[in-house]
2 protein chains.
Amino acid sequence: MKNAEPEKSLSATIADAIRTAIVDGRLLVGDRLPSEAELADQHGVSRATVREALKRLAAQSLIRTERGAFGGAFINHLSYQEARAQQVTTSTLLLGMNAISFQVACEARYALERSCTALAAERRTDALLDTMRAEIDTQSAPDLTDEAFCASDVAFHRALVDCAGNEVLSYHLAGSVEAMQPLMNMITFTARSRAEIIELHRAIVAGLEIRDVVSVDRALATLEAYTITLGQSVLKARATR
Amino acid sequence: MKNAEPEKSLSATIADAIRTAIVDGRLLVGDRLPSEAELADQHGVSRATVREALKRLAAQSLIRTERGAFGGAFINHLSYQEARAQQVTTSTLLLGMNAISFQVACEARYALERSCTALAAERRTDALLDTMRAEIDTQSAPDLTDEAFCASDVAFHRALVDCAGNEVLSYHLAGSVEAMQPLMNMITFTARSRAEIIELHRAIVAGLEIRDVVSVDRALATLEAYTITLGQSVLKARATR
DNA sequence: GGCATTTAAATGTCTGACAATTATTTTGGC
DNA sequence: GCCAAAATAATTGTCAGACATTTAAATGCC
């Protein structure tokens, strides 16, 4: 039997040990780790090695460090903001690096987004509907760049998922919606296609307003099909170039 | 105007610079970064500082390092497996650290899971149905521990989302399903409740087999309601203890 | 009691060294 | 000339020690 262990470095091993302790709940939010010098003694390594381990954990927002007396490494409270930022980074890279077809990525994104329509229709607030209407106004500006149009599109859809009034759902969906932005940015939006998209956005807001799930779902399905069409035409144009 | 910058350390600054270059596509998969010594020269810092920066990136699976001549730090290809592992870690911590109510977490999880039923009914394969049946058999063993029951439950639901035949969707849903496991592990499953859950699992498989989306959705909705009931009874028992 | 100063503990960084690993190059034998 | 073994060089992994910087607490002065 071959030994399949990839010979992890000491700093990776120490980081894993601490990470496991955090995930398993043996270390709680706010707890302070021993000082770097103490950790070095405990694990029988140098301070530099401990520091590399701690930087790995800091990169995952698992700990934060404070300088000065009674400073040190503290188990971090993972906020929705930090968690979402990490998820967006990971998802964006995954889509960018794995030669995902635009169609597959789009299908996943809209499937996930539809999962919030029932709750959104039930719980939507006037404030969020106003946010969505404001983004529609932004998108209607004729001299908008494609990037700005995409950014407003993302903001619109984030408001839509926030309508569901479930922050865990918002966290997951934000990752899937925002990670699509680089792919969407490849599309050139003509005045014609923008008008069509804005019309569907209006239909979504109208459906939410009267709490009509079916019409929201229908608008989203149409939007998905239309977006895939746009994406494919871009790919075709690129192929024949 | 106060300067709100939190005074990032040099290693964090260097890590951010390289991370941005990767996300923006200036560094491509397989590219090799300069050696630690060269990076230290370029940024005017010591090798130790550069190493801390690189460890931060390695913790996000953005780079991998190889030792030896012509080794170094290479831009990593982010696999689904790595991306999912990271997402599960982040989501698990988010749920564990933010005093999320069991009901909110459960609602989000099943809402997301329902997003794959239409595609799953359309594309389910016999192999995946067999996997799901095998997990049902595992769950039926009378002397199963609660942890093993939960693990099999997760495997069952992962097979369900894989039925959708969209790897991006599987990646996102795996995060939301697996992150619930620690919360599910708090529940004590009686023989009665296990039987009920297994019955619903059978209904899901049966629905997929005949490609009947409605029955699958109904079974999932029932499962969601039942799971929330179980969770609330645990919380009530814990409160009165 | 209140304020300024000192002190101590901790992280952030630098330097220089050596160990371990590995692709390449050189050498040696035939 | 060819192949195997040994030397070489480049690179990461680790260590030890030092100094700089930051910050809370302790101290001392008035």
Side-chain angles (χ1 to χ4, degrees), chain A residues 2-19 21-22 27 29-77, chain B residues 2-19 21-22 27 29-77:
Chain A
K2 207 188 295 183
N3 188 357
E5 307 290 330
E7 283 272 349
K8 265 189 287 202
S9 70
L10 288 177
S11 68
T13 306
I14 294 170
D16 285 345
I18 299 175
R19 184 182 302 110
I22 298 174
L27 292 170
V29 172
D31 283 358
R32 178 179 169 276
L33 292 180
S35 72
E36 295 173 354
E38 283 177 83
L39 285 172
D41 276 355
Q42 287 176 17
H43 292 90
V45 300
S46 71
R47 215 188 121 210
T49 301
V50 167
R51 280 183 60 80
E52 288 178 11
L54 294 181
K55 293 315 152 202
R56 292 175 190 265
L57 299 174
Q60 296 183 301
S61 301
L62 293 183
I63 63 171
R64 69 178 187 284
T65 53
E66 291 174 11
R67 299 183 66 173
F70 291 74
F74 296 84
I75 309 300
N76 202 14
H77 177 93
Chain B
K2 205 187 294 185
N3 188 357
E5 307 288 329
E7 283 273 348
K8 263 188 289 202
S9 69
L10 289 177
S11 67
T13 307
I14 294 171
D16 285 346
I18 300 176
R19 184 182 302 110
I22 296 174
L27 291 169
V29 172
D31 282 0
R32 178 179 170 276
L33 292 179
S35 72
E36 295 172 353
E38 284 177 80
L39 285 172
D41 275 357
Q42 287 176 18
H43 292 91
V45 301
S46 72
R47 216 188 119 208
T49 302
V50 167
R51 282 182 61 79
E52 289 179 10
L54 294 181
K55 294 315 152 203
R56 292 175 190 265
L57 300 175
Q60 295 182 301
S61 300
L62 293 183
I63 63 171
R64 68 178 189 284
T65 54
E66 292 175 11
R67 298 181 67 172
F70 291 74
F74 296 85
I75 309 301
N76 202 14
H77 177 95

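Here is the naming used below: chain letters follow the sequence lines, and residue numbers restart at 1 for every chain. What you see is a predicted model, and the numbers here were worked out from it, not measured in a lab.
- Between C/dT24, C/dT15, D/dT11, one nucleotide has an atom nearer to the side chain of B/Arg32 than all others, and that is D/dT11.
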Give each protein N/O atom lying under 3.5 Å from an N/O atom of nucleotides 19-22 of chain D, with the pair distance.
residue	atom	partner	partner atom	Å
D/dT21	O2	A/Arg67	NH2	3.0
D/dT22	O2	A/Gly68	N	3.4

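- Going from atom CZ of A/Phe74 over to atom P of C/dA9 covers 16 Å, rounded to whole Å.
- For the OP1/OP2 pair of D/dT12 and a distance below 4.0 Å, the side-chain nitrogens and oxygens of A/Ser9 include no atom meeting the criterion.
- OP1 or OP2 of C/dC14 has at least one side-chain nitrogen or oxygen of B/Thr49 nearer than 4.0 Å.
- Nearest-nucleotide assignment on DNA chain D puts the 5′-proximal partner with B/Glu36, out of B/Glu36 and A/Ala48.
- Of all non-hydrogen atoms in B/Arg32 and B/Gly71, the two that sit nearest each other are NE-O, 2.8 Å.
- A close approach under 4.0 Å does not occur between any side-chain nitrogen or oxygen of B/Lys8 and OP1 or OP2 of C/dG12.
- What separates NE2 of A/His43 from P of D/dC15 is a distance of 12 Å, to the nearest Å.
- The shortest non-hydrogen separation linking B/Leu39 to B/Pro34 is CD1-O, 3.6 Å.
- A/Glu52 places its CD atom 15 Å from the C1' atom of C/dT11, with the value rounded to the nearest Å.
- Shortest non-hydrogen contact noted between A/Ala53 and A/Ser11 is CB-O, 3.3 Å.
- The two residues A/Gln60 and B/Ala59 come nearest to each other via the heavy atoms NE2-O, 3.7 Å.
- Among the candidates B/Lys55, B/Arg51, B/Arg67, the single residue satisfying the salt bridge (charged side-chain N to carboxylate O under 4.0 Å, His left out) test with B/Glu36 is B/Arg51.
- Under 4.0 angstrom from either OP1 or OP2 of D/dG13 there lies at least one side-chain N or O belonging to B/Arg51.
- In the set C/dT11, D/dA16, D/dG13, C/dT11 carries the atom at the smallest distance from any side-chain atom of A/Thr65.
- Rounded to whole Å, the distance from CD1 on A/Ile63 to P on C/dA10 is 15 Å.
- Considering only side-chain N and O atoms, A/Ser11 lies nowhere under 4.0 angstrom from the phosphate OP1 or OP2 of D/dG13.
- Across all their heavy atoms, B/Leu54 and B/Ile63 have their closest contact at O-CD1, 3.4 Å.
- Residue contacts shown for A/Arg64 are absent, as no nucleic acid heavy atom lies under 4.0 Å away.
- In this structure, A/Leu54 atom CG and C/dT11 atom C1' are separated by 10 Å, rounded to whole Å.
- Atom P of nucleotide D/dC15 and atom CG of A/Leu39 are separated by 13 Å, given to the nearest angstrom.
- A straight line from CD of A/Glu66 to P of D/dT23 spans 9 Å, rounded to a whole angstrom.
- The side-chain heavy atoms of A/Leu57 and A/Asn76, taken from C-beta on, include no pair separated by under 4.5 Å.
- For the pair A/Leu10 CG and C/dT21 P, the computed distance is 12 Å after rounding to whole Å.
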